[in-house]
Amino acid sequence: ALYTWAAAMNGAASTTNNPSGIQGVCPTGWHLPSDAEWTELENYLADNGYNYDGTTGGGRDKIAKAMADSSGWNSSSSTGAVGNTDYPTYRNKSGFTALPGGNRYDNGSFNGIGNYGYWWSATESAAAGAWSRLMGYADSSVSRLGHYKERGFSVRCLRD
């Protein structure tokens with residue numbers, strides 16, 4: 001499913017806490033991650049052998065392949081990209097199993113299935129926006145972007 005930020009938050013206010021404490025649309029015992037929780041995950045993966053090329057460090061620069069499922073992504077020839085079949089032992093090494101659900105624009109149109117996956121955080125980036133994460137089929141990185149809250153993105157729930 002794709003959610004607006006308001007729908008994902010289910011009436012809760014923005015938070016920078018880690019853990020967020022925001023249940024949102026998640027089931028009981030689970031919560032939406034804050035921007036800080038996303039950053040913690042990215043740094044952990046990069047620092048603990050999940051970069052596609054076996055290096056360490058670099059934050060979110062080389063971890064997308066280790067977070068992405070092996071199916072659903074369009075093909076890419078970019079080195080270390082989610083849609084490239086190179087470095088097969090790193091494919092979904094983290095068990096995150098990211099899928100390219102695309103997004104819904106604020107005008108109601110849909111875009112990017114097979115190309116991109118977007119996930120909300122529980123943290124505002126501005127009055128009209130919230131922090132999200134993006135993975136693309138031709139990229140090896142996970143991007144941190146502020147998007148308008150009216151857009152439709154996926155969510156990832158974390159166990160409390």
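- Between S20 and S34, the shortest heavy-atom contact is CB-N, 3.7 Å.
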Residues 105-114 side chain polar contacts: donor-acceptor under 3.5 Å, at least two apart:
residue: Y105; atom: OH; partner: N111; partner atom: ND2; Å: 3.0
residue: N107; atom: OD1; partner: S109; partner atom: N; Å: 2.9
residue: N107; atom: OD1; partner: S109; partner atom: OG; Å: 2.8

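- How far CD of E37 is from CG of L158: 5.5 Å, rounded to the nearest 0.5 Å.
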Would you list the atom pairs, donor with acceptor, under 3.5 Å between side chains in residues 12-19 and any protein atom, with sequence neighbours excluded?
residue: S14; atom: OG; partner: E124; partner atom: N; Å: 2.8
residue: T15; atom: OG1; partner: N17; partner atom: N; Å: 3.0
residue: T15; atom: OG1; partner: N17; partner atom: ND2; Å: 3.3
residue: N18; atom: ND2; partner: E40; partner atom: OE1; Å: 2.7

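- With values rounded to the nearest 0.5 angstrom, I22 atom CD1 is found 10.5 Å from S121 atom OG.
- Summarising the geometry of S71 relative to P100, their closest heavy-atom pair is O-CD, 4.4 Å, with the distance given to 0.1 Å.
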Practice prompt. Starting from the C-alpha separation in whole Å, work towards a yes-or-no answer on side chain to side chain contact (heavy atoms under 4.5 Å, CB included) for M67 and V142.
Written response: CA-CA 9 Å; M67 296 176 73; V142 175; 3.9 Å; yes
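- The backbone N or O of A122 sits nowhere less than 3.5 Å from a side-chain atom of W5 that would complete a donor-acceptor pair.
- Residues V82 and R91 are in side-chain contact: their nearest non-hydrogen atoms beyond the backbone lie under 4.5 Å apart.
- Shown here for W38 and P33, the closest heavy-atom pair between the two residues is NE1-CG, 3.3 Å.
- Listed by chain and number, the residues in a ring pair (Phe, Tyr, Trp, His ring centres under 6.0 Å) with Y87 are Y52 (sequence neighbours excluded).
- Inter-residue side-chain proximity for T79 and D86 is flagged as met; some heavy-atom pair is nearer than 4.5 Å.
- A donor-acceptor pair under 3.5 Å links the side-chain atoms of S132 to the main chain of L145, judged by distance alone.
- S125 places a side-chain N or O within 3.5 Å of a backbone atom of A130 that can act as its donor or acceptor partner.
- The backbone N or O of Y44 lies less than 3.5 Å from a partner atom in the side chain of N48, making a donor-acceptor pair.
- Considering NZ of K93 and CG of L45, their distance stands at 10.0 Å, rounded to 0.5 Å.
- Listed by first and then second residue, the disulfide bond (SG atoms under 2.5 Å apart) pairs that reach into residues 45-156 come to none, sequence neighbours excluded.
- For the atom pair H31 NE2 and D160 CG, the distance stands at 6.0 Å (nearest 0.5 Å).
- Counting only residues at least two apart or on different chains, the disulfide bond (SG atoms under 2.5 Å apart) pairs with a member in residues 124-160 are C26-C157.
- Annotation for F96 and M135: closest pair CE2-CE, 4.3 Å, computed over non-hydrogen atoms.
- The minimum heavy-atom distance linking L32 with M9 is given by the pair CD1-SD, 3.9 Å.
- If you take OH on Y116 and CG on N74, they are separated by 9.5 Å, rounding to the nearest 0.5 Å.
- Sorted pairs that involve residues 16-29 and meet salt bridge (Lys or Arg N to Asp or Glu O under 4.0 Å), not counting sequence neighbours, are lacking altogether.
- Within the structure, every pair that satisfies the ring-ring contact (aromatic ring centres under 6.0 Å, His included) test and touches residues 135-160, not counting sequence neighbours, is listed here: Y118-H147, Y118-F153, W120-F153, H147-F153.
- By the 4.5 Å side-chain criterion applied to Ile, Leu, Val, Met, Phe, Trp and Tyr, W131 is assigned to no cluster and stands alone.
- With S78 contributing its side chain and A81 its backbone, the two residues share no donor-acceptor pair below 3.5 Å.
- The salt bridge (Lys or Arg N to Asp or Glu O under 4.0 Å) contacts involving residues 15-36 comprise D35-R133, D35-R144, where partners must be two or more places apart or lie in separate chains.
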Run the side-chain donor-acceptor check on residues 54-63: report pairs under 3.5 Å with partners two or more places apart or on a different chain.
residue: T55; atom: OG1; partner: N51; partner atom: ND2; Å: 3.2
residue: T55; atom: OG1; partner: D53; partner atom: OD1; Å: 2.7
residue: R60; atom: NE; partner: E42; partner atom: OE1; Å: 3.1
residue: R60; atom: NH2; partner: E42; partner atom: OE1; Å: 3.0
residue: K62; atom: NZ; partner: D53; partner atom: OD2; Å: 2.7

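- Here the shortest heavy-atom pairing between G49 and Y90 reads O-CE2, 3.4 Å.
- Residue pairs meeting the salt bridge (Lys or Arg N to Asp or Glu O under 4.0 Å) criterion with at least one partner in residues 11-25, sequence neighbours excluded, are absent.
- The list of salt bridge (Lys or Arg N to Asp or Glu O under 4.0 Å) pairs with a residue in residues 70-81, not counting sequence neighbours, is empty.
- One finds the CG atom of N92 at 11.0 Å from the NZ atom of K65 (value rounded to the nearest 0.5 Å).
- The hydrophobic clustering, which links ILVMFWY residues whose side-chain heavy atoms are closer than 4.5 Å, places L41 and Y50 together.
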